[in-house]
Amino acid sequence: MENSQIATVFAEIADILEILGEQDNAFRIRSYRNAARTIDALPDRLADLVAGGKDPADLPGIGTSLAGKIHEILRTGTCGKLKELRRQLPGHLPELLQVKGIGPQTCKRLHDKLGIKSLKDLKGAAERGKISAILGEKAQQSILKGLATLEAVSGRISIEKATVAVAALGRHLQAIATIRRWEAAGSCRRRCETIGDLDILVDASDRAKAANDILHYAPIERILARGDEKVSVVLAGGLQVDFRFVKPDAYGAALMYFTGSKAHNIRLRKRAQAAGFKLSEYGLFKGEKRVASRSEKDIHKALTLPWIPPELREDRGEVDAAAAGQLPALIERKDLRGDLHTHTNATDGASTIEQMVAAARERGYQYLAITDHSKSVTVAHGLDEKALRKHVGRIRKAGEGLKRFWLLAGVEVDILRDGRLDIDTALLADLDWVVGSVHSVFEMPEDKMTERLLRAVESGVLDCIGHPFSRLLGQRGPLRFDVDRVFKACAQAGVCLEINAQPDRLDLPDVYCKRARQMGVTLVISSDSHKATGLDLIDYGVGVARRGWLEKKDVLNTRSAAEFRRYKKVSR
DNA sequence: GCCGTTTTCGGCCCGACTGTTTTCAGTCG
């Protein structure tokens with residue numbers, strides 16, 4: 001039983017209670033939502049904690065009643081309260097809340113007046129024009145648009161696409177004379193895996209003029225809202241962008257507020273409140289008096305906290321850690337000394353060995369591992385033993401003449417369905433760096449997948465597991481295996497876990513970085529680049545590592561070539 | 001339904017935008 005499954009039960013209870021709409025329930029509903037959020041953000045599996053004797057009521061926002069329900073959910077997979085509520089509200093009404101503009105009240109009216117029970121019903125009613133009689137013509141249009149958005153993208157884009165969109169938008173904003181300063185906040189600044197919409201902070205000397213100029217940005221397809229404080233638009237392709245106008249003397253407060261996350265903001269506001277302050281996007285107030293607002297640092301300082309890096313702001317213990325002076329010194333891109341997972345034109349890459357080396361040296365690296373695919377990955381023209389031997393010869397030759405640069409001859413070897421590797425072990429033992437990855441048979445019972453990975457880890461020839469969950473964001477879910485057993489085996493065998501920086505992978509995910517570190521596993525951040533310029537994608541991996549609380553010392557490829565050689569000598 | 005270094009009762013994060021029961025409820029972030 002995963003945390004998200006437990007959280008979903010509580011979230012659905014909250015949704016149904018809200019649709020049923022009994023007024024005195026408002027704060028009970030909030031309790032269910034708080035509990036769902038708390039459980040979702042836990043770094044460890046609640047099921048394991050409870051099995052280990054932990055009382056769920058020790059968690060913040062969870063008391064005896066919810067603790068009882070947690071035990072019930074762990075035992076039966078659901079809870080009686082939810083079943084009873086579902087009887088009171090037949091159909092799939094909570095799914096209507098996914099449509100932007102529909103909240104619990106509207107949901108209830110749609111059900112009571114039109115008998116709507118599901119998204120499908122809603123779409124039918126909207127298309128036949130039945131909604132306007134109840135909610136008005138504008139609401140009907142808004143619902144149709146909301147449904148289209150929901151179907152089109154299911155919302156989110158990769159951090160890479162968002163970063164590119166911000167850069168393009170930035171060129172437009174830069175040229176507007178009335179804009180003094182601007183910055184992307186929100187999930188983009190926190191470097192989340194995927195981005196729902198962009199929040200852009202704008203400090204302008206003349207808001208009306210600035211808004212007018214902003215709206216001339218060619219990719220804007222539709223204007224959603226236009227007020228004194230904010231302008232919301234949708235770009236071609238469906239990305240929503242909210243521009244927030246802020247005063248320079250409240251810039252820090254606004255930046256903090258719009259960076260989020262929501263859960264982090266709530267945590268911080270409660271801390272402010274407990275100290276007799278009020279915190280909003282306009283500043284930190286004591287009564288009517290504003291005591292801090294210009295910069296984030298000012299506000300953190302007034303709350304007796306050090307500045308908290310945006311990547312940590314997820315309400316995963318960062319506020320308490322800050323208060324205790326125990327924030328990690330997060331790893332930075334400039335700490336990296338090499339890249340340990342790259343491809344060349346020998347398989348599915350586009351660049352030669354020499355081009356990859358040149359690109360690595362340009363980036364100040366001291367070492368680079370070439371790790372092309374092995375024979376099972378036929379679509380990538382993977383190498384068999386004979387081809388690999390030849391390729392390794394070429395890599396070693398290319399490395400011979402290099403001064404102060406270590407070119408490692410490696411491979412990304414396939415972990416077959418039974419856990420064997422698809423290249424002869426003797427050959428693997430001769431290589432400088434061996435990444436083992438799963439590229440096929442992703443669906444397997446959890447215990448079989450665990451055995452598969454354990455066998456690979458314990459083979460004695462692997463240096464690292466590549467993209468350990470083999471997920472593709474928005475396309476393929478993560479491998480299911482016993483995370484604790486596999487991580488523990490990695491720690492014991494001295495096998496690293498990779499943070500693969502490809503934007504559609506970002507694998508290990510951030511919360512598992514934290515867990516792996518706690519269990520004593522060494523981590524590696526790799527670009528998995530298929531061309532020379534692709535080495536820069538490693539930045540997205542650094543973002544994941546930072547979100548996973550990692551420091552320089554936790555990541556192997558922050559070590560100098562000399563230190564890395566010493567590590568290699570003792571590891572296998 | 002949860003919680004407590006003023007409290008076991010009486011609170012619970014804060015503000016903007018939209019549409020229109022035109023004074024505020026509903027929704028969003």
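Keep in mind it's a predicted model, so treat the numbers as computed, not measured.
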Provide the full list of salt bridge (charged side-chain N to carboxylate O under 4.0 Å, His left out) pairs with a residue in [range], sequence neighbours left out, each pair given once.
| range | answer |
| --- | --- |
| residues 214-229 of chain A | A:Arg207-A:Glu229 |
| residues 52-77 of chain A | none |
| residues 130-139 of chain A | none |

Worksheet item: Do A:Tyr512 and A:Phe469 make the cut of ring centroids closer than 6.0 angstrom?
Response: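 Yes, the ring of A:Tyr512 comes within the 6.0 Å limit of the ring of A:Phe469, centre to centre.
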Between atom [atom1] in [X] and atom [atom2] in [N], what is the gap in whole Å?
| X | N | atom1 | atom2 | value |
| --- | --- | --- | --- | --- |
| A:Asp55 | B:dC2 | CG | P | 12 Å |
| A:Lys270 | B:dG11 | NZ | C1' | 12 Å |
| A:Ile200 | B:dG29 | CD1 | P | 16 Å |
| A:Ile299 | B:dC14 | CD1 | P | 15 Å |
| A:Tyr32 | B:dC12 | OH | C1' | 16 Å |
| A:Leu97 | B:dG29 | CG | P | 13 Å |
| A:Phe10 | B:dG1 | CZ | P | 11 Å |
| A:Leu198 | B:dC28 | CG | P | 19 Å |

Worksheet item: Looking at A:Thr259, A:Asp199, A:Ile200, A:Val166, which one forms a side chain to side chain contact (heavy atoms under 4.5 Å, CB included) with A:Cys188?
Response: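 Looking at A:Thr259, A:Asp199, A:Ile200, A:Val166, the match for A:Cys188 under the side chain to side chain contact (heavy atoms under 4.5 Å, CB included) is A:Val166.
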Worksheet item: Knowing that exactly one of A:Asn500, A:Leu506, A:Ile499, A:Ile525 qualifies, which makes a side chain to side chain contact (heavy atoms under 4.5 Å, CB included) with A:Tyr540?
Response: A:Leu506
For residues 238-247 of chain A, run the donor-acceptor check on the side chains, cut-off 3.5 Å, and write out each pair with its distance to 0.1 Å, sequence neighbours left out.
| residue | atom | partner | partner atom | Å |
| --- | --- | --- | --- | --- |
| A:Gln240 | NE2 | A:Asp242 | OD1 | 3.1 |
| A:Asp242 | OD1 | A:Ser232 | OG | 2.6 |

Practice prompt. Any side chain to side chain donor-acceptor pair (under 3.5 Å) involving residues 290-302 of chain A? Give me the pairs, sequence neighbours left out, ordered by first then second residue.
Written response: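 Non-adjacent pairs meeting side chain to side chain donor-acceptor pair (under 3.5 Å): A:Arg189-A:Glu296, A:Asp249-A:Arg290, A:Arg290-A:Ser293, A:Ser295-A:Asp298, A:Glu296-A:Trp307, A:Glu296-A:Arg313.
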Output a table of nitrogen or oxygen pairs between the protein and nucleotides 3-6 of chain B separated by less than 3.5 Å.
| residue | atom | partner | partner atom | Å |
| --- | --- | --- | --- | --- |
| B:dC3 | OP1 | A:Gly61 | N | 2.9 |

Discussion item. If stacking means aromatic ring centre less than 5.5 angstrom from the base's six-membered ring centre, planes under 30°, is A:Phe27 stacked on B:dC2?
Written reply: no
Worksheet item: If you pin A:Ile102 and A:Gln273 to their nearest nucleotides in DNA chain B, which one's is more 5'?
Response: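 That would be A:Gln273.
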Which whole number of Å gives the distance between the [atom1] atom of [N] and that of [M]?
| N | M | atom1 | result |
| --- | --- | --- | --- |
| B:dC3 | B:dT7 | C1' | 10 Å |
| B:dG1 | B:dT6 | C1' | 24 Å |
| B:dT22 | B:dC28 | P | 23 Å |
| B:dG15 | B:dG10 | P | 25 Å |
| B:dT23 | B:dT18 | C1' | 14 Å |
| B:dT27 | B:dT20 | C1' | 14 Å |
| B:dC12 | B:dT8 | C1' | 16 Å |

Partner residues of [X] under the side chain to side chain donor-acceptor pair (under 3.5 Å) criterion, sequence neighbours left out:
| X | value |
| --- | --- |
| A:Thr163 | none |
| A:Asp213 | none |
| A:Gln174 | A:Trp182 |
| A:Glu318 | A:His264 |

Item to complete: Verify whether one side chain among A:Asp504 and A:Gln502 offers a donor that lies under 3.5 Å from an acceptor in the other.
Response: no
Mind checking if [X] touches a base, just sugar-phosphate, or nothing, with heavy atoms under 4.0 Å?
| X | answer |
| --- | --- |
| A:Val231 | nothing |
| A:Ser232 | nothing |
| A:Leu268 | nothing |

Worksheet item: Quick one: which of B:dG29, B:dC2, B:dT27 gets closest to the side chain of A:Lys262?
Response: B:dG29
Discussion item. Nearest to the side chain of A:Arg244, heavy atoms from C-beta on, is which of B:dG1, B:dG29, B:dT27?
Written reply: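 Nearest nucleotide to the side chain: B:dG29.
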Item to complete: Pull up the glycosidic torsion of B:dT6 and say syn or anti, syn being anything within 90° of 0.
Response: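 That one's anti.
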Discussion item. So if I take residues 109-121 of chain A and measure heavy-atom distances to DNA chain B, which residues fall below 4.0 Å?
Written reply: none
Discussion item. Checking base pairs now: Watson-Crick or wobble, both atom distances under 3.5 Å. What partners B:dG11?
Written reply: B:dC2
Item to complete: Going 5' to 3' through nucleotides 15-20 of chain B, assign each nucleotide B (protein heavy atom under 4.0 Å from a base atom), S (under 4.0 Å only from sugar-phosphate atoms) or - (no protein heavy atom that close).
Response: SSSSS-
